[in-house]
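What follows is a short report on a single structure.
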2 protein chains.
Amino acid sequence: MAKSEKEMGMLRDHLAKHQLKLTRQRELILDAFLKQEHITAEEMYHQLAKKDPHLGLATIYRTLNLFCEAGLAQARHFGTQTQYDNISHKGHHDHLICTGCGKIVEFENCEIEKLQEEVATRNGFTITTHRLELYGLCSRCRH
Amino acid sequence: MAKSEKEMGMLRDHLAKHQLKLTRQRELILDAFLKQEHITAEEMYHQLAKKDPHLGLATIYRTLNLFCEAGLAQARHFGTQTQYDNISHKGHHDHLICTGCGKIVEFENCEIEKLQEEVATRNGFTITTHRLELYGLCSRCRH
DNA sequence: ACCTTCTTGAGACGATTTATCAATTTCAAT
DNA sequence: ATTGAAATTGATAAATCGTCTCAAGAAGGT
Ligand SMILES: [Mn+2]
Ligand SMILES: [Mn+2]
Ligand SMILES: [Zn+2]
Ligand SMILES: [Zn+2]
C-alpha cells in the first residue's frame with residue numbers, strides 16, 4: 001500500500017491539475033491495478049467484488065480510462081476486449097502472442113522504436129503512441 | 001472483372017479445400033473488396049446496396065471473415081469498428097494513423113520486419129502475422 | 001460545518017458483430 | 001438435365017462491450 005508512492009503521486013498530480021477528486025474507489029482500483037501487468041475492466045470487476053461488492057463496473061471503466069489519461073495505463077484492444085496495460089512499472093512494451101495457447105510475452109526493442117520514429121518523420125507524423133503485436137506459435141505449440 | 005484472376009483463384013482454392021461454395025454474393029463482395037484499400041462491413045453494405053438491395057449485412061460480415069481465412073484480407077480493429085484490409089494487392093503493410101483527422105498512411109519497412117523476426121526467434125516464437133500501428137498527428141493536425 | 005462540485009452505482013442505451021433458422025442455392029453424383 | 005445432400009442466405013434476435021444518464025452520496029476548499 002505504501003509501495004506505490006510514485007504512482008499515487010502521478011495520480012494525485014493529474015487529479016489536482018484537472019479539478020478531480022481522490023476517492024476511496026480510485027485508491028482501491030489503483031492498488032489492484034498496480035499488481036497487474038495487464039487486465040480488463042471485467043476481470044478487475046470480479047477481483048474487486050470481494051473487497052467491495054458494491055463497486056460498479058462503470059466506475060472501473062471510468063477509473064481505468066482516467067489512469068490512461070494520468071499516464072499510468074495504456075489501453076489496448078485485444079480480441080474483442082480492451083486490455084489496460086500497466087506502464088507505470090516497466091514503461092512501454094510490446095507483445096508476442098501465441099495463437100495456440102494464448103501465452104503472452106512482453107518485450108521492448110529500442111531499435112524497432114527508433115525505426116518507427118524514422119518512418120513517422122519521413123511521413124511528416126509525430127508519434128504519440130504505437131502498438132506492435134506479433135502473432136505466432138510458441139515453442140511448445142509448434143509441435 | 002477479369003482482372004482479379006489471382007484473387008479469385010485464391011478464393012476458389014480456399015473454398016475447395018473447405019467444402020464451401022462459390023456464390024453470387026461472394027463474387028459480388030470480392031469484386032467490391034478488391035477495389036478497396038480497407039473497408040468496414042458497414043461501408044461495403046452501403047456501397048453494394050445499389051447493386052443488390054437484398055444483400056444482407058450478415059453476409060458481408062461472413063464473407064469478409066471468409067476472405068481473412070482465405071488470405072485475401074486482414075482484419076484490424078480501428079476505433080470501435082473492424083477494418084478489413086486488402087492485402088492481396090500490395091501484400092502486407094502497416095499503418096500510420098493521425099488521431100487528429102483520421103488520415104491513414106500505409107508503409108512497409110523491411111528492417112522493422114527483420115527485427116521483429118529476431119525478437120520472435122529469441123523468444124522461441126514463430127511469427128505468422130503481426131500488426132504495427134503508429135498513432136500520432138500528421139503535419140496538418142500538428143498546428 | 002457548509003456548499004459547490006465531482007463521483008458513484010444501477011441500469012438504460014448505443015454500436016458492432018455473431019447466432020439462429022427457415023427458405024434458397026450450389027454442385028457433385030446420377 | 002435431374003436430383004438431393006450440404007452449404008448459404010437474409011431477416012432479425014441476441015450477445016458483447018463500453019458509455020451515458022441521473023439521482024444520491026462523497027470530497028474538499030473555505
Ligand atoms: Mn513498443
Ligand atoms: Mn508489417
Ligand atoms: Zn503457445
Ligand atoms: Zn491529421
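Every chain is numbered from 1, with letters handed out A, B, ... down the list of sequences. Any value given below was found using the heavy atoms of this structure, including those in side chains, with hydrogens, waters and symmetry copies removed.
For A/Arg62 against C/dG9, a side-chain-to-base donor-acceptor contact under 3.5 Å is present. In the interface, the side chain of B/Lys21 is paired with the base of D/dA6 through a donor and an acceptor atom under 3.5 Å apart.
Spacing between atom CZ of A/Phe67 and atom P of C/dT7 amounts to 13 Å, rounded to whole angstrom units. Spacing between atom OH of B/Tyr45 and atom P of C/dT17 amounts to 15 Å, rounded to whole angstrom units. Distance NE2 (A/His18) to C1' (D/dA27): 18 Å, rounded to an integer number of Å. Distance CD (A/Glu27) to C1' (D/dA27): 12 Å, rounded to an integer number of Å. Rounded to an integer number of Å, the gap from CD of A/Gln81 to P of C/dA15 is 21 Å. Rounded to whole angstrom, the span from the CG atom of B/Leu64 across to the P atom of C/dT18 amounts to 10 Å. Computed from coordinates, the A/Leu66 CG to D/dT19 C1' distance equals 16 Å when rounded to whole Å. Taking atom NE2 of residue B/His46 and atom C1' of nucleotide C/dT16, one finds them 13 Å apart after rounding to whole Å.
Between B/Phe33 and B/Phe67, a ring centre-to-centre spacing shorter than 6.0 Å is recorded.
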- [ ] Determine, step by step, whether A/Arg24 and A/Asp52 satisfy the salt bridge (charged side-chain N to carboxylate O under 4.0 Å, His left out) criterion, reporting the C-alpha distance in whole Å, the side-chain angles of both residues, the deciding distance to 0.1 Å, and the verdict.
- [x] CA-CA 11 Å; A/Arg24 185 180 59 77; A/Asp52 180 356; 3.1 Å; yes
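Between B/Ile60 and B/Gln19, the residue anchored nearer the 5' end of DNA chain D, judged by the nucleotide with its closest heavy atom, is B/Gln19. Between A/Thr63 and B/Leu22, the residue anchored nearer the 5' end of DNA chain C, judged by the nucleotide with its closest heavy atom, is A/Thr63.
One finds no side-chain N or O of A/Asn65 lying less than 4.0 angstrom from the OP1 or OP2 phosphate oxygen of D/dG18. Using a 4.0 Å cut-off, no side-chain N or O of B/Gln25 falls inside it from OP1 or OP2 of C/dT25. For B/Tyr61 and C/dT18, the shortest distance from a side-chain N or O to OP1 or OP2 is not below 4.0 Å. Of the side-chain N and O atoms in B/Thr23, one or more sit less than 4.0 angstrom from OP1 or OP2 of D/dT9. Contact annotation: B/Thr82 reaches the phosphate of C/dT17 (side-chain N/O to OP1 or OP2, under 4.0 Å). Considering only side-chain N and O atoms, A/His54 lies under 4.0 angstrom from the phosphate OP1 or OP2 of C/dA10.
Checked against C/dT16, C/dC6, D/dG10, the side chain of A/Leu20 finds its nearest nucleotide in C/dC6. Checking C/dG9, C/dC27, C/dT18 against the side-chain heavy atoms of A/Thr59 singles out C/dG9 as nearest. The side chain of B/Thr80 lies closest to C/dA15, out of C/dA15, C/dT18, D/dA27.
Side-chain polar atoms of B/Glu113 and B/His130 form a donor-acceptor pair below 3.5 angstrom. Side-chain contact, B/Arg62 with B/Thr59: a donor N or O sits under 3.5 Å from an acceptor N or O.
Only one option out of A/Glu106, A/Glu108, A/Glu37 pairs with A/His93 in a side chain to side chain donor-acceptor pair (under 3.5 Å); it is A/Glu106.
Within 4.0 Å (heavy atoms only), A/Glu42 reaches no atom of the nucleic acid at all. Residue contacts for A/Arg26: at a heavy-atom cut-off of 4.0 Å it reaches the sugar-phosphate backbone alone, with no base atom in range.
The aromatic rings of B/His95 and B/His38 lie perpendicular to each other, with more than 60° between the two planes, well past the 30° mark.
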